[in-house]
Amino acid sequence: MTPQGVRVRDDTFDPLIADVSPEQLLQLHEDLVVVRRIDTEATALQRQGELGLWPPLLGQEAAQVGSARQLRSDDFVFSSYRENAVAYCRGVQLEDLVRVWRGTASSGWNPFDVGMATPAVIIGAQTLHATGYALGCKKDGVDSVAVAYFGDGATSQGDVNEAMVFAASFQVPVIFFCQNNQWAISEPVGLQARRPIADRAPGFGIPSIRVDGNDLLAVMAATRSAIERARTGGGPTFIEAVTYRMGPHTTSDDPSRYTDPAVQAEWAAKDPILRFEAYLEGLGFLTEERRAAVAATADDVARRFRAGCLGLENPEPLTVFDHVYATPNSWLDRQKSQYASYLEMYGE
Amino acid sequence: MSEKLTLAKAIGSGLRRALEDDPSVVLLGEDIGKLGGVFRVTDGLQQRFGADRVMDTPLAEAGILGTAVGLAFRGYRPVCEIQFDGFIYPAFDQIVAQVAKLHYRTGGAVRMPITIRVPYGGGIGAVEHHSESPEAYFTHTSGLRVVTCSTPQDAHSMIREAIACDDPVLFFEPKRRYWTAGEVDEEFVGLPMERARVVVEGSDVTLVAYGPLVATALDVAAAAAEDGVSIEVIDLRSLSPVDFGTVEESVRKTGRLVVAHEAQQFGGLGAEIAATVTERCFVYLEAAPARVTGFDVPYPPAKLEEHFLPDLDRILDAVDRVMGRENSLTGWRA
């Protein structure tokens with residue numbers, strides 16, 4: 001799809017999305033608008049002091065929604081911290097998206113409820129977890145797949161390279177979904193890779209696809225081809241979704257120190273949502289009424305999201321000791337007991 | 001029914017039982033399949049249980065541990081072999097930032113019943129990276145359990161207990177004692193792995209040791225007895241958490257504490273044990289606790305390791321120190 005929303009014919013990938021109905025297209029559009037609205041609200045919450053930090057996904061909506069919406073509930077996602085649209089698509093509750101960023105919990109949600117691990121902050125570590133999970137799927141004889149989400153910066157990490165070695169050797173059903181958003185905080189992708197990142201995977205014996213990450217339909221088609229391979233015993237696939245981080249790395253970042261406004265403008269013209277809307281308008285699907293309804297839905301989600309965030313209560317002091325171990329631990333139990341005694345004497 | 005086994009074979013038989021008893025147990029490691037591991041601990045297991053459950057992995061320690069994390073998410077109980085102590089550092093992030101924290105990070109939803117087997121310690125004349133004692137890095141990490149064994153029976157029982165544990169366990173194997181033989185009864189139910197064992201009772205000095213130095217500590221007790229000093233030897237077994245109840249009870253009786261380990265001294269287990277015992281048993285102490293450890297240098301070349309490793313004489317010297325007898329530091333000035 002061109003930035004003007006005109007489909008470009010592709011005989012390999014077009015058939016993979018031929019079944020997508022107008023209703024589904026409109027639902028996907030709503031997803032894109034809603035996740036951007038959540039993202040905007042979260043940034044506002046951070047600016048108002050309600051969140052400690054937030055990593056905006058502005059510009060990466062199509063890459064995340066287009067891929068995550070192709071998964072089944074029995075598939076499993078291992079992500080980094082910017083995949084809030086993926087989490088939304090997996091069914092993570094709104095307030096659960098911000099528990100960690102508000103600092104009220106070490107965990108946002110129960111991974112088994114939504115088929116998605118809580119994010120790994122150490123860059124690239126989760127790619128190995130996805131590989132191990134996929135190995136387990138293969139051992140269990142099920143056709144579930146694991147998906148690892150990571151960025152261009154992560155591809156320099158040893159863990160990502162080891163994950164590709166293990167995935168290739170054991171031929172496990174894992175999808176390496178790299179969102180190349182051009183930046184690792186302030187470092188341009190050229191510092192991580194001299195050649196397109198997708199070129200690396202074949203060296204590991206893993207087929208790869210380089211897809212326009214701002215083209216929702218293209219991302220859907222690429223993901224579906226990888227899922228098909230994984231479910232049918234064909235092993236791993238590497239997808240490089242070329243996109244752009246239109247905002248800062250996090251709310252603590254200042255991209256004006258290292259970005260070129262001209263390049264920013266260039267990518268703004270390739271905005272994934274504007275493009276998809278142009279496509280839908282060309283088809284006559286996106287009416288003014290529909291636009292207004294989607295905007296209202298997004299605003300409503302944002303209101304509930306904000307209320308959920310503000311409703312998160314501070315944890316009780318002694319919960320600092322919870323869930324360190326699954327089994328009783330004499331040392332920690334004593335420490336907890338002593339701190340309880342301290343709180344009893346000096347606490348509020 | 002018991003049979004005489006070496007410590008290495010006893011771990012192997014423990015692994016066999018774990019594989020038999022629980023289909024979710026899988027072994028991962030380098031050269032653990034056909035070769036049976038460089039110390040032959042997993043000898044015959046791949047042949048018996050198949051390459052699907054006893055898996056040779058690519059040569060990447062972070063990869064082994066990270067893959068184990070994913071398997072644990074899927075309900076498996078992975079047992080990872082790190083080939084030598086000094087090879088564990090490439091996996092450090094996966095162990096410390098992932099394995100140790102995932103239960104906490106998921107609010108208790110995801111358990112990490114991963115066992116990490118590590119042959120450790122010196123005394124076998126090996127080259128660099130093959131004789132280290134890295135246990136303190138892991139006892140310092142919340143979320144991990146750290147244990148070690150000193151007898152074939154413990155080796156067998158404790159590896160099975162470690163694998164059955166719902167928390168991640170670093171299982172340190174004293175490699176220079178791999179060939180020590182002893183009776184092993186698969187049905188024997190002994191002390192839980194979290195408990196320390198009083199191996200020899202005594203009344204003058206509490207000597208705390210673990211892993212490879214327990215045998216040395218027993219020699220110390222015998223030698224000291226000839227000298228009229230009664231030593232109580234404690235095999236710590238669990239390094240995190242430490243069974244301070246057993247150690248404290250002993251020190252309240254003896255009034256003196258010596259801790260011995262191969263690992264370097266600074267920030268090590270000896271410091272933690274001496275500090276905690278001092279805090280809790282101060283009024284019972286007749287002398288300041290003494291540590292006998294490896295020196296704070298990288299593990300030395302093989303021809304120097306006898307000077308690095310605490311041995312009978314160096315521990316006896318520390319016993320003399322806490323007994324107030326003449327010792328190597330008598331008259332020493334910095």
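Note on naming: letters A, B, ... go to the chains in the order of the sequence lines (proteins, then strands), and numbering restarts at 1 for each one.
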Region of A/Asp140 in contact with chain B, defined by heavy-atom distances below 4.5 Å: both
CD (B/Glu248) with more than 12 external heavy atoms under 6.0 Å: yes
Part of B/Met55 lying under 4.5 Å from any heavy atom of chain A: side chain
Parallel, tilted or perpendicular: rings of B/Phe244 and A/Trp331 (30°, 60°): tilted
Engaged part of B/Asp166 at the chain A interface, taking heavy atoms whose separation is under 4.5 Å: both
Under 4.5 Å from a heavy atom of chain B, the part of A/Val320 involved: both
Under 4.5 Å from any heavy atom of chain A - which part of B/Ala60: both
Winner by heavy-atom pair count (cut-off under 4.5 Å) against chain A, out of B/Gly143, B/Pro113, B/Ser240: B/Gly143
B/Phe73 versus chain A, the contacting section by heavy-atom distance below 4.5 Å: both
A/Phe112 atom CZ, neighbour heavy-atom count above 12 within 6.0 Å: yes
Residue A/Tyr325 versus chain B: region with a heavy atom under 4.5 Å: both
Reported CD-to-CG distance for the pair B/Gln98 and A/Leu128, which is rounded to 0.5 angstrom: 9.5 Å
Side chain proximity check, B/Arg74 to A/Cys137, heavy atoms < 4.5 angstrom: yes
Residue, of B/Gln94, B/Arg53, B/Arg111, that accumulates the most heavy atom pairs under 4.5 Å with chain A: B/Gln94
Heavy-atom pairs under 4.5 Å with chain A, option from B/Glu194, B/Met112, B/Arg145 with the top count: B/Arg145
Closest-packed option against chain A by number of heavy-atom pairs under 4.5 Å, given B/Leu65, B/Leu102, B/Asp243, B/Leu144: B/Leu144
Between B/Pro90, B/Gly245, B/Gly70, the one whose heavy-atom pairs under 4.5 Å with chain A are most numerous: B/Gly70
Largest heavy-atom contact set with chain B, pairs under 4.5 Å, which of A/Asp159, A/Val121, A/Asp113, A/Thr131: A/Asp159
Which portion of A/Ala163 sits near chain B, non-hydrogen atoms under 4.5 angstrom: neither
Within-4.5 Å side-chain heavy-atom neighbours: B/Val26 and A/Lys139: yes
Crowding at CZ, B/Phe87 (>12 non-hydrogen neighbours, <6.0 Å): yes
Crowding at NE2, B/His140 (>12 non-hydrogen neighbours, <6.0 Å): no
Top of A/Phe78, A/Trp109, A/Phe170, A/Tyr133 for chain B proximity - count of heavy-atom pairs under 4.5 angstrom: A/Tyr133
Proximal component of B/Ile64, with respect to chain A [non-hydrogen, under 4.5 Å]: both
Within 6.0 angstrom of A/Phe204 CZ, more than 12 heavy atoms from elsewhere: yes
Test item: A/Thr118 side-chain N/O and B/Thr106 main-chain N/O as donor-acceptor pair under 3.5 Å: no
Side chain, backbone, both or neither of A/Ser169 within contact of chain B (heavy atoms, under 4.5 Å): side chain
Any donor-acceptor N or O pair under 3.5 Å, side chains B/Asp167, A/Thr327: yes
Residue, of A/Gly158, A/Ala146, A/Gly108, A/Ser106, that accumulates the most heavy atom pairs under 4.5 Å with chain B: A/Ser106
Chain B contact via A/Asn329 - side chain, backbone, both or neither, heavy atoms under 4.5 Å: both
Chain A contact via B/Thr57 - side chain, backbone, both or neither, heavy atoms under 4.5 Å: both
Part of B/Val242 within contact of chain A (heavy atom distance under 4.5 Å): backbone
Point-to-point distance, once rounded to the nearest 0.5 Å, from NE2 of B/His103 to CG of A/Asp322: 10.0 Å
Interatomic distance, B/Leu59 atom CG to A/Glu162 atom CD [nearest 0.5 angstrom]: 9.5 Å
Straight-line distance of B/Arg195 CZ to A/Ser330 OG, nearest 0.5 Å: 10.0 Å
Over 12 non-hydrogen atoms of neighbours within 6.0 angstrom of CD in A/Gln335: yes
